[in-house]
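As structure tokens, the structure follows; a few thoughts come after it.
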Amino acid sequence: MLSKVYDPKPVEAKWAEAWQAERLFISAPNPDRKPFVVVIPPPNITGALHMGHALNNTLQDVLVRYQRMLGREAYWVPGTDHGGIATQNVMEKMLKAEGKTRHDLGREEFLKRTWAWYAECGNTILGQLRKLGCSLDLNADNVRFTMDDKRAASVFEEFRSLWDKKLIYRGERMINWCTRCGTALSDIEVEHEDEKSKLWHIRYAFEDGSGSVTVATTRPETMLGDTAVAVHPEDERYKGKTGKKLKLPLTDRLIPLLADEGVEKGFGTGAVKVTPAHDPLDFEIGQRHGLENIRIISYEGKMTNCPEKYAGLNVQAARKLIVEDLNAAGLLEKEEHYKHSVSKCSRCNQHIEPLVSEQWFVKMKGLAAPAAAAAENGDVKFYPPSWKKPFTEWLGNIQDWCISRQIWWGHRIPAWYCRSCSGAGLKFSDKGELSRVSFAQGAKPVISFAKPAACPDCGGTDLLQDPDVLDTWFSSALWPFSVFGWPEKTKELAYYYPTSVLVTGYEILYLWVARMVMSGIEHMGKPPFSQVYLHGIVRDKHGKKMSKSLGNVIDPLTMIEKYGTDAMRFSLMAQTLGGKDIPFSDDAIIGGRNFVNKLYNVARFLQMYLPETPAPLTAERPGELADRWITERFAGALARSKAAMAEYDLPKAQDALYAFVWDELCDWYLELAKPRLAGPDKEKVLGLMLDLFTGALKALHPFIPYITEELYSTLKPYLKTGEAFLLKAAWPEPGAAGTGASAQMEELMAVITQIRAARAQFEIPPGKQIKVLAASSDPAALERLRTGAGYVKLLAKVEDLALGADIQKPPRSVSAISGQFNIYVPMDGAVDLEKEKARLAKELERVQRDSAQCLERLRDPSFMGHAPAAEVEKIKARASDTQGKMERLTAILEELK
RNA sequence: GCGCAGUUAGCUCAGCGGUAGAGCGCCUCUCUUACACAGAGGAUGUCACAGGUUCAAAUCCUGUACUGCGCACCA
């Protein structure tokens, strides 16, 4: 006999291995079948998988396994993402531990190391996906990487084609600069956070001595780059003063006071200092008035282009010193506490410096419009649907996308410059490497994947590649078709594109999903998927975001080690609803583990009765009430589960099966079957149990693949037909329901429950066989109970069940009411009369309340006049039912007096 | 500031017009040869608040309050 408790570890390892070795998850174009395609959101190669990955990949796996069992040509395409800044940061952290920076290594050596890291980390991630039970073919020939050769070809094609269409351009714009990461970022890689700060009021005096203007600012240090002060054109306070010059404090520069609609009259003093090089609004004002952009903060975050005193200071230090100097000069009018929103780098949490810089951009408006239309007209559908609006609104307000990053790890921008023709447009580092490019100062690009043999203008051969790399999302945007070899016209691309559903967290809806939709339409002519399933974030049990600093991180691998993969998957699926965030804890997993153990024990139970030498059982099936009932219940559970799957309601789909197995198959049917397994019906009953249980295993397989595959493999030899692997089996078809067995069975179940309750409350020892009497004035009901007497005797431990229309309550007995029946349980000794009275009185009260409610409604003319007939009938039936119960209860209570 | 979600049993959440539900936790009994990772029984709720619609509201509408999340140039 097997152990009482299931040990998932060896079982999960065995099947994970077998599935990969047999290559059961590989797919090939098959014109006879409809494909079901999912591309994995490729995990960044930044370390181990976390709980979010566990959720994301389990969701996909459930969908893919389910569709595979429904007969679709299922293909879930695996891969990893090079992860741009995120990965570079990981590398830099490791270097820091060695006391080095990437500059100590140089670009080439740094990239060599990162590729080595990719080999290591990429494999770790694939191993972890395998552990999660993902039905991904993880053999090397099937795994993609966003920076492998084929994907590099896709990225180049994307760049070239957008460049040719003039959708990629280079220009000087306000961008978000992270001084820690040392690169530009796109707008959506910036997070906003409220921060306590101060609002400083600074006085700028007019050149002509006619007083002054006071500006309010949260960033006094940027005043060194001011090129104007602006007020609203209709602000009375500044009537006649605009156009005059102001003396910029701490410098010898003069700046104009000008009028601009962008200034809000109500805020502060109504006058705003204008620093076009370091503030987005100021940049716009500057553009409108032709102001000069004076960059006083360097890419390193240090003061520059300013009086020597401040040069080289970091922003914080400069702020402190400047405030002191202004105060000393009597120009600081006041300082107030102020809370405002600051920009932070989503990768390293450092403050972002907005600054003007020449970068590569993609023009987005024209790309966004068809993507928004696809969402509007339903070509791309969202689950939950509430994401459609934010999606289309974001596309509607889209800004151009800054795609160049001043880092090393990534797809290098395929632009080359001739050293002699580009002249002053090329800037070099101390080491003589090309460090920055300026088209404004004369750099001329040649777009090419490989180094061009010669400069098309002068024929020179000294060409240098652009030092920047592309935003990591630039390659991710192509993922649903680059994985199939685009721009090559492969047969995979033709068969699998567009994919079926994209499953991802809502936090990358704009960063990734929107861009995939745009590039899919642009390059393939169709959106890359028709459905988007957006899930929430896995949080700790209190709903807090998991983070290393809070110490509340739950590691999926630890959970798997402790409870098994199936248990973790089960509990994740039980909680992921409506795209909401998921509070997760050890406690939550235990329910999953217990269920897996329950299944395991059902199999153990069956094995006790199955012959030792496996052979298919008889094809005959039993047909008594319990058999018809359980068959009907299974059909219902399958139907509910299937319907829920169609709506992406995975918890409901799973729960329907869970409830069937536990509450019906185990708690009732299996108990009822026990004696029959020792009798002549043994093989037929066993056959039905095997049908139902293996059916449930199939239906549950997408959720808990390991235990179901394992149990199926042990039971398969007893089945007439069986597939080699459960995962290749067909998902069971719901059979017919509504044979009437349920109502009849439930009547008996209610009687059993009543007897059990009486036993428990009057402390009749659980093992003791008792005598029970049941009376009813309804002969048909009595007949039904007579037929089902065996069930009652078995499950309520009754050795003698007396039935009759005129049965009287025996003295020293406990009473209960169930449906049509008065049930009496004679007691050995004296009955605690007070307890019995209290129990019945409580029941009477409940019935009375119900009855009164029904009668009141039936007396209410507006109810009778308005409610649908069916509803009225229902209430009438309830009224008569409760009336009967009341009378019977009252009679019993009367007798007890 | 604008928008979107949420507010139901101690906890996590279902239910979304016709008698308040599940899982976990809690209490009582039971190690009955599938399972104590179990079985049987039990307790627990002005369904955030205020209005409205309706014969009937946890469920629909309006508003308020909190909570969370997006978006936003208020210096």
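Just so you know, these numbers come straight off a predicted model, no measurement behind them. The sequence lines fix the lettering, A, B, ..., with proteins before strands; numbering per chain opens at 1. Only heavy atoms go into these numbers, but all of them, side chains included; no hydrogens, no water, no symmetry mates.
Taking a cutoff of 4.0 Å between a charged side-chain nitrogen and a carboxylate oxygen, A:R859 and A:E856 do not qualify as a salt bridge. A salt bridge links A:E333 and A:R203; the closest N-O separation between the charged side-chain nitrogens and carboxylate oxygens is under 4.0 Å. In summary, A:R593 and A:D566 do not engage in a salt bridge, as defined by a charged side-chain N under 4.0 Å from a carboxylate O. In this structure, A:E12 does not pair ionically with A:K9, as no charged nitrogen and carboxylate oxygen lie closer than 4.0 Å. The pair A:K768-A:D828 counts as a salt bridge, with a side-chain nitrogen and a carboxylate oxygen less than 4.0 angstrom apart.
One can place CG of A:N597 at 11 Å from P of B:G39, the figure rounded to the nearest angstrom. Here B:A40 presents its P atom at 13 Å from CG of A:L794, a figure rounded to the nearest Å. Atom P of nucleotide B:A5 and atom CG of A:D581 are separated by 15 Å, given to the nearest angstrom. Nucleotide B:C74 holds its C1' atom 13 Å from the NE2 atom of A:H232, rounded to whole Å. To the nearest angstrom, P of B:A34 lies 9 Å from NZ of A:K4. Residue A:K842 contributes atom NZ, which lies 12 Å from atom C1' of B:G41 at whole-angstrom precision. What separates CE of A:M223 from C1' of B:A75 is a distance of 15 Å, to the nearest Å. The distance between atom NZ of A:K344 and atom P of B:G70, rounded to the nearest whole Å, is 14 Å.
Residue A:R593 is classed as a base contact, given a heavy-atom separation below 4.0 Å to a base. When heavy atoms are screened at a 4.0 angstrom cut-off, A:A216 is found touching base atoms of the nucleic acid. Among the protein residues, A:T753 comes within range of the sugar-phosphate backbone only, with heavy atoms under 4.0 Å from sugar or phosphate atoms but none that close to a base. At the heavy-atom level, A:L670 lies under 4.0 Å from base atoms of the strands shown. Among the atoms of the strands shown, only primed sugar atoms or phosphate atoms (P, OP1, OP2) are found under 4.0 Å from some heavy atom of A:P583. At a threshold of 4.0 angstrom between heavy atoms, the contacts of A:S386 with the nucleic acid are absent. When heavy atoms are screened at a 4.0 angstrom cut-off, A:V596 is found touching no nucleic acid atom at all. Among the atoms of the strands shown, only primed sugar atoms or phosphate atoms (P, OP1, OP2) are found under 4.0 Å from some heavy atom of A:D667. Within the 4.0 angstrom heavy-atom criterion, no nucleotide atom of any strand lies near A:F391. Residue contacts shown for A:C854 are absent, as no nucleic acid heavy atom lies under 4.0 Å away. Within 4.0 Å (heavy atoms only), A:E393 reaches no atom of the nucleic acid at all.
Spacing of P atoms, B:C24 relative to B:A40, comes out at 12 Å, to the nearest Å. On the P atoms, B:C71 is 32 Å away from B:A9, given to the nearest whole Å. Atom C1' of B:C11 sits at a distance of 29 Å from the matching atom of B:A50, rounded to the whole Å. A gap of 38 Å separates the C1' atoms of B:C61 and B:G25, to the nearest Å. With both ends at atom P, the span from B:A36 to B:U46 equals 38 Å, rounded to whole Å. Taking atom P in both B:C37 and B:C26, the straight-line distance is 13 Å, to the nearest Å. Nucleotides B:C60 and B:A14 have their P atoms positioned 14 Å apart, rounded to a whole Å. Taking atom C1' on both B:A58 and B:A48, the two are 12 Å apart, rounded to the nearest angstrom.
The CG atom of A:L700 sits 4.5 Å away from atom CG of A:L657, with the distance rounded to the nearest 0.5 Å.
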Next on the checklist: Treating primed atoms plus P, OP1 and OP2 as sugar-phosphate and everything else as base, which nucleotides of nucleotides 15-33 of chain B get B, S or - for protein heavy atoms under 4.0 Å?
Outcome noted: ---BB---------SS---
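For B:A75, neither phosphate oxygen OP1 nor OP2 lies less than 4.0 angstrom from any side-chain nitrogen or oxygen of A:K273. For A:Y338, a side-chain nitrogen or oxygen approaches OP1 or OP2 of B:A75 to under 4.0 Å.
A:D260 and A:H232 are not linked by any side-chain donor-acceptor pair at a separation below 3.5 angstrom, with hydrogens and angles left out of the test. Between A:S346 and A:E189, the side chains place no donor N or O within less than 3.5 Å of an acceptor N or O (distance only, hydrogens not considered).
Toward the 5' end of RNA chain B, the nearer of the two residues A:N601 and A:R219, judged by each one's closest nucleotide, is A:N601. Between A:M864 and A:P390, the one whose closest nucleotide on RNA chain B sits nearer the 5' end is A:M864.
For A:E195, the CD atom is densely surrounded, since the number of other residues' heavy atoms within 6.0 Å is greater than 12. Summarising the local packing, NZ of A:K876 is surrounded by 12 or fewer heavy atoms from other residues, nucleotides or ligands at distances under 6.0 Å.
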Next on the checklist: Reading 5' to 3' and counting Watson-Crick or G-U wobble pairs with both distances under 3.5 Å, write the dot-bracket notation for RNA chain B, | for bases paired outside the strand.
Outcome noted: ((((((((.[[[[.)..(..]]]].(((((.......))))).....[[[[[..)....]]]]])))))))....
Checklist entry - A:I589 and A:F584: side-chain contact (heavy atoms from CB on, under 4.5 Å), yes or no, with the steps? => result CA-CA 8 Å; A:I589 278 202; A:F584 200 80; 3.4 Å; yes
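Considering only the side chain of A:L281, B:A75 comes nearest among B:A14, B:G3, B:A75. If you check B:A34, B:A75, B:A40 against the side chain of A:R756, the one that comes closest is B:A40. The side chain of A:Q761 lies closest to B:G41, out of B:C74, B:U12, B:G41.
Between A:S818 and A:Q754, the shortest heavy-atom contact is CB-CG, 3.5 Å.
For B:C35, its base never sits under 3.5 Å from the side chain of A:R604 at any donor and acceptor pair. No hydrogens or angles were tested; on distance alone, a donor-acceptor pair under 3.5 Å links the side chain of A:K598 to the base of B:C35.
Ring centroid separation for the pair A:F703 and A:F570 does not come in under the 6.0 Å cut-off.
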